[in-house]
Amino acid sequence: MDAKKPTDLDKTEAIPSDAYLKRGESIGKAEKVSLADVLEDPARFSGRKVMVEGLIVRSCKTLGCWAELAAGKAGQSVRVTMRDRSFFIPLQSAGAEARAEGVFSIKALGKEHGDHSTKSNGDKAEIEISFEASGIELRRKEK
């Protein structure tokens with residue numbers, strides 16, 4: 001299967017403040033859960049299709065194929081990938097509000113990576129939490 005490539009519009013489309021820019025599948029059918037709750041107890045949500053909301057704190061600047069979603073500006077974030085790279089978000093998505101539907105997964109990290117993470121992430125160093133989105137909606141905060 002050939003990897004899909006983002007179009008110029010995928011990369012540059014403006015994120016509105018009065019509506020949502022929608023990418024991927026339609027969302028809203030999965031259970032809505034708090035991103036903070038997921039980050040506090042990720043095992044409880046692993047493998048379940050859910051919808052979460054948050055703030056994009058960073059995003060891919062090349063293709064728009066991932067973002068980091070946080071519950072707030074200073075909160076812990078989770079890496080969101082766009083399922084099978086079948087859709088992309090604008091390259092300037094950082095700072096946008098987002099709601100995404102998809103599945104959380106947990107990956108155990110090796111001791112070497114865990115030791116490095118312990119220095120920067122405290123006691124949650126042995127696992128990596130990720131979210132594969134089937135759909136995402138973005139909007140800018142109104143000023």
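Just so you know, residue 1 is the first one in the sequence shown, and it goes up from there.
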**Q** Between the main-chain N or O of E40 and the side-chain N or O of R44, is there a donor-acceptor pair closer than 3.5 Å?
**A**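 Such a contact is absent between R44 side chain and E40 backbone.
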**Q** Taking the basic N atoms (NZ, or NE/NH1/NH2) and the acidic carboxylate oxygens, is any pair closer than 4.0 Å for K32 and E53?
**A**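 Yes.
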**Q** Find out whether R58 and S77 are in side-chain contact, i.e. whether some heavy atom of one side chain is under 4.5 Å from a heavy atom of the other.
**A**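 Not in contact.
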**Q** So, taking the atom named CG in L55 and the one named CD in E97, what distance separates them when rounded to the nearest 0.5 Å?
**A**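 So the CG of L55 and the CD of E97 are separated by 7.5 Å.
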**Q** Going from CD on E137 to CD1 on I89, what distance comes out if it is rounded to the nearest 0.5 angstrom?
**A**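 One gets 13.0 Å once the value is rounded to the nearest 0.5 Å.
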**Q** Taking the hydrophobic residues Ile, Leu, Val, Met, Phe, Trp and Tyr, and joining any pair whose side-chain heavy atoms are under 4.5 Å apart, which ones share a cluster with L91?
**A**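 Members other than L91 - counting any ILVMFWY side chain reachable under 4.5 Å - there are none.
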**Q** Kindly write out the residues that satisfy ring-ring contact (aromatic ring centres under 6.0 Å, His included) with F104, not counting sequence neighbours, or none if the list is empty.
**A**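 Testing F104 for ring-ring contact (aromatic ring centres under 6.0 Å, His included), a comparison that skips the adjacent residues, returns F131.
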**Q** For M51, what are the other residues in its hydrophobic cluster, where any two members join if their side-chain heavy atoms are less than 4.5 angstrom apart?
**A**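 Noted: M51 shares its cluster with I27.
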**Q** If the test is side-chain contact (heavy atoms from CB on, under 4.5 Å), which one of R23, K22, E25 qualifies with F87?
**A**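 Checked R23, K22, E25 against F87; only one passes side-chain contact (heavy atoms from CB on, under 4.5 Å): R23.
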**Q** Can you tell me how far apart CD1 (I136) and CD (E101) are? Round to the nearest 0.5 Å.
**A**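 Nearest 0.5 Å value for the CD1-CD distance: 11.5 Å.
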**Q** Taking only Lys NZ, Arg NE, NH1 and NH2, and the carboxylate oxygens of Asp or Glu, determine whether R83 and E132 approach each other closer than 4.0 Å.
**A**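 Judged by the 4.0 Å cut-off on N to carboxylate O distance, R83 and E132 do not form a salt bridge.
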**Q** How many angstroms lie between CZ in R79 and CG in L69, if you round to the nearest 0.5 Å?
**A**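 Reported value, rounded in 0.5 Å steps: 13.0 Å.
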